[in-house]
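Chain A is the first sequence line, chain B the second, and so forth, proteins listed ahead of strands; every chain is numbered from 1.
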There are 2 protein chains.
Amino acid sequence: MCSQVEKIRRFNRTVTRRTGVLRDRFLGRNRPLGESRLLFEIGPDGMEVRALRVKLGLDSGYVSRLLRSLERQKMIKLESAPRDRRLRYVRLTRLGLAEYVEIDRLSDKAAEDILAPLGEQHRARLVAAMAEVERLLMASEITIAPEPAGSSTAQWCLRQYFEVLDERFGGGYDPADASPADPQDLTPPSGIFLVARTLEGPVGCGALKSAGPGIGEIKRLWVAGPARGLGIGQRILGALENQARDFGLNLLRLDTNRTLTEAQALYRKNGYREVPPFNDDPYPHHWFEKHLG
Amino acid sequence: MCSQVEKIRRFNRTVTRRTGVLRDRFLGRNRPLGESRLLFEIGPDGMEVRALRVKLGLDSGYVSRLLRSLERQKMIKLESAPRDRRLRYVRLTRLGLAEYVEIDRLSDKAAEDILAPLGEQHRARLVAAMAEVERLLMASEITIAPEPAGSSTAQWCLRQYFEVLDERFGGGYDPADASPADPQDLTPPSGIFLVARTLEGPVGCGALKSAGPGIGEIKRLWVAGPARGLGIGQRILGALENQARDFGLNLLRLDTNRTLTEAQALYRKNGYREVPPFNDDPYPHHWFEKHLG
DNA sequence: GTTTTTATCTGACTAAAGTCAGATAATGTG
DNA sequence: CACATTATCTGACTTTAGTCAGATAAAAAC
């Protein structure tokens with residue numbers, strides 16, 4: 001562990017030096033860094049000023065001043081949003097768009113300069129390792145938190161989940177045929193709905209529902225495709241088990257379809273044992289349970 | 001290539017966000033970032049002010065002012081160096097050392113916080129990928145440039161090279177027994193000595209020496225242990241071949257010992273063909289040559 | 001022994017980055 | 001309709017980070 005920490009710190013030193021260069025793409029454009037960042041963030045499609053402020057985490061007065069300056073340089077146009085005339089919508093002018101394109105080009109060039117001295121094989125290795133670091137850093141940023149099961153976020157996760165099932169199961173999947181898990185079943189104190197999210201948005205979910213005295217059922221365990229293989233399912237399952245303990249449950253059950261092999265492996269790895277069917281739903285082929293310690 | 005660039009830019013975005021957190025270890029210490037950086041760079045052993053200035057690349061007046069401020073906070077002591085009373089030596093006080101230790105602890109903690117949410121396997125993968133990225137970024141920073149063959153840097157490289165040979169060859173290696181390559185042989189226009197270096201220092205070398213009209217000989221090809229496997233030998237060899245072309249040579253020769261299998265692979269990969277012995281040195285077992293196009 | 005160079009220090013200055021307290025106008029709430 | 005809230009804007013202010021032109025003292029070069 002100590003040596004791992006040491007390696008992360010070494011990585012950090014090297015990478016900040018190198019990617020500092022990438023950041024400097026914003027410099028040397030005859031304009032303070034803050035203004036360039038703003039310009040680049042506005043992008044070709046324009047943006048509400050408020051969204052810009054939130055995204056960059058800046059003071060409203062400060063943003064206003066920066067926009068004023070970019071406006072004087074004829075890089076942007078500000079217009080009131082029609083639906084709410086307090087809101088301002090900012091858009092790049094032709095000149096501003098040209099500047100955006102140029103910054104984008106310099107960014108590409110900075111990235112190419114990193115690859116240029118390397119041979120083809122080493123390039124591929126570097127890019128692959130970078131992708132791996134990025135995925136795992138993303139994984140380490142994920143937080144798992146309760147979410148009202150009726151919220152739009154929860155509903156979005158469930159739609160994703162159902163889509164996966166519909167695609168995986170031989171004959172498709174219709175939630176109406178399966179045993180229900182209504183929002184009220186997934187609400188404390190009898191149940192809960194958890195969402196795993198990065199700063200970008202939700203990447204997984206899982207639910208716990210009561211199934212009789214002292215018994216809980218795990219449902220709706222889903223991890224977004226690009227986020228698989230990062231131990232997120234494992235973490236959601238662990239969080240659900242902790243919740244179950246807090247609810248005073250001592251037995252957890254779940255069922256699953258034979259096509260969901262990763263899920264089965266996950267359950268077995270976490271101490272779930274296969275048991276005879278405890279329901280007669282049309283979709284599951286395997287039923288598991290685990291006694292909580 | 002386009003997709004590789006895109007991946008580097010994605011990596012950059014994620015990593016700067018995440019390692020920005022690491023950088024912020026210096027913040028929240030009730031002290032501007034510049035002062036904290038200086039304090040941390042001074043370190044437990046103290047440092048000459050000049051070295052500090054060079055290392056951080058700061059203006060001398062600015063450094064002086066920062067030091068004055070840290071002195072007022074009783075974090076550092078300044079003393080004149082005995083050997084040259086113009087030089088100032090800066091040292092942490094007990095209080096400064098405590099602050100250093102605290103910053104160090106926070107750095108460790110920031111790194112641990114990245115690892116904490118991950119399982120053991122994913123931790124290992126992240127650290128390994130980080131090490132790979134770091135090594136390859138280092139490789140991409142390497143520059144290859146001519147160096148006077150008599151310089152202390154060149155001599156240092158040669159000592160490293162001889163040590164490797166002494167270790168690898170069954171019966172040891174004594175440069176006195178081998179065919180010589182004196183500094184004047186490795187000096188333009190008849191020869192050249194190239195050094196590959198990172199910002200940290202030299203990590204490889206290679207030499208070209210005249211061996212008759214139109215013929216050159218590659219000698220002293222060395223890559224430092226930790227820098228192997230990054231294509232550096234390949235790049236040095238390529239640079240030597242370009243030099244040879246510039247010198248108007250049309251045939252390159254080299255010899256090598258049977259224990260240096262990576263080197264042999266490198267030569268074959270680059271179009272060198274094994275030929276009968278062209279010398280009777282005691283150490284080589286294989287002789288190669290290549291016609292320059 | 002004079003001149004030049006080097007290392008540091010000081011004072012004066014600037015630009016960038018950001019904070020804070022209102023002002024203003026539009027919108028939402030009871 | 002009164003009142004609170006929201007989004008933006010403006011002016012006044014501060015801190016941080018850094019540059020530049022000498023001043024000074026020690027050391028090196030001639």
Rounded distance in Å - [atom1] ([X]) to [atom2] ([N]):
X	N	atom1	atom2	value
Arg53(A)	dC9(D)	CZ	C1'	11 Å
Asp84(A)	dA7(D)	CG	P	8 Å
Glu48(A)	dT6(D)	CD	C1'	13 Å
Leu52(B)	dC9(C)	CG	P	11 Å
Arg31(A)	dA15(C)	CZ	P	17 Å
Arg65(A)	dC20(C)	CZ	C1'	11 Å
Tyr62(B)	dG11(C)	OH	P	18 Å
Arg85(B)	dT6(C)	CZ	C1'	15 Å

On the nucleotide [N], are OP1 or OP2 found under 4.0 Å from the side-chain N or O atoms that [X] carries?
X	N	value
Arg50(A)	dA7(D)	yes
Arg88(A)	dC9(D)	yes
Arg68(A)	dC9(D)	yes
Arg86(A)	dT27(C)	no

Salt-bridge test for [X] and [Y]: reply yes if a basic N is under 4.0 Å from a carboxylate O, no otherwise.
X	Y	result
Arg135(A)	Glu141(A)	no
Glu134(A)	Lys7(B)	no
Lys77(B)	Glu71(B)	no
Glu41(B)	Lys55(B)	yes

### Query
Do Gln73(B) and Glu35(B) have side-chain N/O donor and acceptor atoms under 3.5 Å apart?
yes

### Task
Select one nucleotide: of dC9(C), dT8(D), dA7(C), the one nearest the side-chain heavy atoms of Ser60(A).
dT8(D)

Which part of the nucleic acid does [X] contact within heavy-atom distance under 4.0 Å: base, sugar-phosphate only, or nothing?
X	value
Asp59(A)	base
Val49(B)	sugar-phosphate
Gly61(A)	base

### Query
Of Gly34(A) and Arg83(A), whose closest DNA chain C nucleotide lies nearer the 5' terminus?
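Looking at DNA chain C, the more 5' nearest nucleotide goes with Gly34(A).
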
